[in-house]
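If you read the sequence from its start, that first residue is 1, and numbering goes on from there.
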Amino acid sequence: MDQVQIFEGQLRGEGRKFAIVISRFNSTITGRLLEGALDCLTRHGTLREDISVYYVPGAFEIPLMAQTLAKKEDVDGIICLGAVIRGATDHYDLVCAESSKGIAKVSLDSGIPVGFGIVTTNNIEQAIERAGTKAGNKGFDTAMGVLEMVDLLEQV
């Protein structure tokens, strides 16, 4: 029987450069996401001097900065962090949809792993849970996904 080839990315940050794009809006949440992402990257061998952090006003602005970095910077991966909490208007739905589509487009257009670490929640309590309490830290999780994809793409 023929052997199946299996490819899987490893969590290796040594010698790799990463950019983190983070929203200032809801900074109590996004600050915790940033801590998680930095913890993940450094825990897996990325040097702190190989990590750049770019602050943008809100989640809607994240894709443009990610696209600019993908074109201009020498980065292996981009981690996008934000927090969008549902309010009384349709603004939540628009920001969530456009930021997620924009981030996906940057990744597909550039060929660089771009992680979606924007928590989208109904209330502040859910956001807090996803920023390091009950539901883990989505910043850490997003950084892990980007690390894995960087390594996997190098194998292909």
Any sub-3.5 Å donor-acceptor pair from Gln126's side-chain atoms to Asn122's backbone N or O?
yes
With the threshold set at 4.0 Å, does a side-chain nitrogen-carboxylate oxygen contact exist between Arg16 and Glu154?
yes
Arg130 CZ to Ile118 CD1 distance, which is reported to the nearest 0.5 Å:
14.5 Å
Carboxylate-amine/guanidinium contact Glu35 Arg32, below 4.0 Å
no
Going only through I, L, V, M, F, W and Y residues with side-chain contacts under 4.5 Å, is there a path from Phe60 to Ile103?
no
Counting C-beta onward and ignoring hydrogens, is there a side-chain heavy-atom pair between Val95 and His91 closer than 4.5 Å?
yes
Supply the atom-to-atom distance Ile78 CD1 to Gln67 CD, rounded to the nearest 0.5 angstrom.
10.0 Å
Asp76 versus Gly15, closest heavy-atom pair with distance:
OD2-O, 4.4 Å
For a 4.5 angstrom cut-off between non-hydrogen side-chain atoms, does Ile62 reach Ser23?
yes
Taking the side chain as every heavy atom from C-beta outward, state whether Arg86 and Asp93 have any pair of such atoms under 4.5 Å apart.
yes
Under 3.5 Å donor-acceptor, Glu61 side chain and Gly58 backbone
yes
Does the side chain of Thr142 come within less than 4.5 Å of Phe116's, by heavy atoms?
no
Would you check if Ser27 and Thr30 make a side-chain contact, meaning some heavy-atom pair closer than 4.5 Å?
yes
What pair of heavy atoms forms the shortest contact from Pro113 to Leu153, and how long is it?
CG-CD1, 3.6 Å
Between CD on residue Glu14 and NE2 on residue His44, distance to nearest 0.5 Å
9.5 Å
In the structure I gave you, are the side-chain heavy atoms of Val114 and Cys80 within less than 4.5 Å of one another anywhere?
yes
Distance from Ser52 atom OG to Lys17 atom NZ, nearest 0.5 Å?
8.0 Å
Under the rule for side chain to side chain donor-acceptor pair (under 3.5 Å), what residues qualify as partners of Arg12, not counting sequence neighbours?
Asp151
Would you say the side-chain atoms of Thr46 pair up with the backbone N or O of Thr42, donor to acceptor, closer than 3.5 Å?
no
Can you list, by chain and residue number, the hydrophobic cluster partners of Ile128 when the side-chain cut-off is 4.5 Å?
Leu11, Phe18, Ile20, Ile22, Ile29, Leu33, Leu34, Leu38, Leu41, Ile51, Val53, Tyr55, Ile79, Leu81, Ile85, Val119, Ile124, Phe140, Met144, Val146, Leu147, Val150
Look at the side-chain heavy atoms of Ile, Leu, Val, Met, Phe, Trp and Tyr, link any pair under 4.5 Å apart, and say whether Leu108 and Ile112 land in one connected group.
no
Is any side-chain heavy atom of Phe25 closer than 4.5 Å to one of Val84?
no
Nearest 0.5 Å please: distance from the OG atom of Ser99 over to the CG atom of Leu64.
13.0 Å
